[in-house]
Every structure is written in structure tokens, then in C-alpha cells.
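Down below is the structure, laid out as C-alpha cells.
When a ligand or atom number is given, it counts from 1 through the structure's own listing order.
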Amino acid sequence: MLQPRPLSEADAPQLWRLDQQCFAPGIAYTQEEIRAHLRNPRQPYHRGIEVGEELAGFILTVRTRGRGHVITLDVAPSFRQRGIGRTLMAAAEQYHLANGATGMQLEVAVNNAGALAFYTRAGYNVIRTLPRYYSEDLDGLLLHKDFAA
Ligand SMILES: CC(C)(COP(=O)(O)OP(=O)(O)OC[C@H]1O[C@@H](n2cnc3c(N)ncnc32)[C@H](O)[C@@H]1OP(=O)(O)O)[C@@H](O)C(=O)NCCC(=O)NCCS
């Protein structure tokens with residue numbers, strides 16, 4: 001049974017290590033950015049899943065303009081395709097829905113085919129392209145899921 005647990009600033013070093021495994025330099029967050037997200041007061045919902053002693057995955061979300069906003073969703077390479085990402089997303093969606101959000105929103109790099117497949121499977125649609133969102137030569141995609149749909 002995968003049970004998401006709350007995260008605190010004390011978890012920042014291991015969240016940062018996992019984020020470094022999940023994203024390329026320049027896209028991965030710094031440890032200070034992760035700490036700032038953990039302190040964000042906008043209805044944060046941050047959870048991690050441990051398998052044994054190891055942090056297998058985590059999600060950071062806040063509330064932005066009436067929607068839940070995924071800051072990042074990270075699953076360690078050796079724990080992928082086992083339902084951990086889906087469990088974390090479902091828990092975050094449930095929290096934001098229960099707290100009055102109309103839907104969920106997030107950004108993904110145009111070249112992140114695995115994440116795009118994952119989010120499509122989870123019911124997300126591409127709203128628009130975000131030119132140079134990640135870097136001079138890497139656009140983002142804005143994805144949305146409407147809870148009423
Ligand atoms: C994207 C990511 C979070 C998926 O996590 P995961 O734990 O492997 O996903 P799950 O096992 O819960 O998969 C849920 C569904 O998505 C599908 N899926 C997951 N990764 C996929 C991939 N790379 N390609 C195709 N489908 C994929 C699964 O097959 C599953 O489908 P099903 O409902 O038919 O069984 C993980 O690959 C990851 O951390 N990637 C690096 C970081 C990243 O890109 N994060 C997202 C951007 S914020």
C-alpha cells in the first residue's frame with residue numbers, strides 16, 4: 001500500500017537529490033527553490049511516498065488562481081511504472097478538489113514524452129505552448145484538467 005506522507009523543510013535535501021535524478025541541469029530545482037516551495041503558504045499540498053527507507057517519489061503543489069498547480073512530480077527511475085506517480089497525482093487532485101479548486105494545472109517541457117504520456121493518461125489536456133519556458137531553446141506546454149469535465 002503506497003501511503004503519501006506530508007513533507008516539511010527537513011525533507012529538502014532528499015527532495016533535491018531526487019529532483020536532480022529526474023530533471024536535466026537547468027530544469028531541476030536548486031535546494032533553495034525547493035525550500036521556498038515547501039514554505040509556500042498558498043494552500044500547499046506536498047507529499048512523498050517511501051518504499052522501505054527510500055523516498056520513491058514526491059509531489060509539490062499549491063493553489064494558483066483557483067486551481068491546484070503542480071510545481072513538480074518526481075518518481076525515482078527505479079520506482080517508475082508502479083503507480084507511484086498516479087497515487088501522488090490522485091491524492092493532490094483530491095485535496096485541491098475538496099478545497100474548492102476548479103481543476104489542476106501544470107507545465108511540462110515539450111520534449112518530456114514520458115510525462116506527457118503520463119498526464120494524458122491522467123486526463124490532462126494541452127492548453128497552449130509556453131515559448132522558451134524552460135530555456136532559450138526549450139518550450140513548455142501548459143496542461144489542464146477540469147474537475148467538472
Ligand atoms: C512522469 C512520472 C512522474 C510518472 O511516474 P510513474 O510513477 O512512473 O507513473 P505511474 O506508474 O503512476 O503511471 C501511471 C500511468 O501513466 C503511464 N506512464 C507513466 N510513465 C509513462 C511513460 N514514460 N510512457 C508512457 N506511459 C507512461 C503508465 O503506463 C500508467 O498507465 P496506466 O494507467 O495505463 O497503467 C515519472 O516518469 C517521472 O518522475 N519522470 C521524471 C520527472 C517528470 O518528468 N515529472 C513530470 C513533469 S512535472
Quick check: does [X] get an N/O under 3.5 Å from an N/O on ligand 1?
{"X": "Val108", "result": "no"}
{"X": "Ala115", "result": "no"}
{"X": "Glu107", "result": "no"}
{"X": "Asn112", "result": "yes"}
{"X": "Thr72", "result": "no"}
{"X": "Asp74", "result": "no"}
{"X": "Arg82", "result": "yes"}

For Gln21 and Arg17, test the side chains for any donor-to-acceptor distance below 3.5 angstrom and give the result as yes or no. no
Report yes or no: do Gln43 and His96 form a side-chain donor-acceptor pair below 3.5 Å? no
I want to confirm something. Looking only at heavy atoms, which of Gln21, Met89, Gln81 is nearest to atom 27 (C) of ligand 1? Gln81
What protein heavy atom sits nearest [atom], and how far away is it?
{"atom": "atom 11 (O) of ligand 1", "answer": "Gly83 N, 2.8 Å"}
{"atom": "atom 41 (C) of ligand 1", "answer": "Arg80 NH2, 3.4 Å"}
{"atom": "atom 16 (O) of ligand 1", "answer": "Phe118 CD1, 3.5 Å"}
{"atom": "atom 39 (O) of ligand 1", "answer": "Val75 N, 2.8 Å"}

Output yes when Glu93 and Arg47 qualify as a salt bridge under the 4.0 Å nitrogen-oxygen rule, no when they do not. no
Using every non-hydrogen atom in the two residues, find where Gly57 and Leu88 come nearest and quote the distance to one decimal. C-CD1, 3.7 Å
Ligand 1 atoms in contact with [X] (distance to a heavy atom under 4.0 Å):
{"X": "Ala117", "result": "24 (N), 25 (C), 26 (N)"}
{"X": "Gly114", "result": "21 (C), 22 (C), 23 (N)"}
{"X": "Gly85", "result": "5 (O), 6 (P), 7 (O), 12 (O)"}

If the contact criterion is a heavy-atom separation under 4.0 Å, does Leu73 count as touching ligand 1? yes
Using only atom types and a distance under 3.5 Å, with no angle test, would you say the side chain of His69 pairs donor to acceptor with the backbone of Leu106? no
Nearest protein heavy atom under 4.0 Å from atom 43 (C) of ligand 1, yes or no: yes
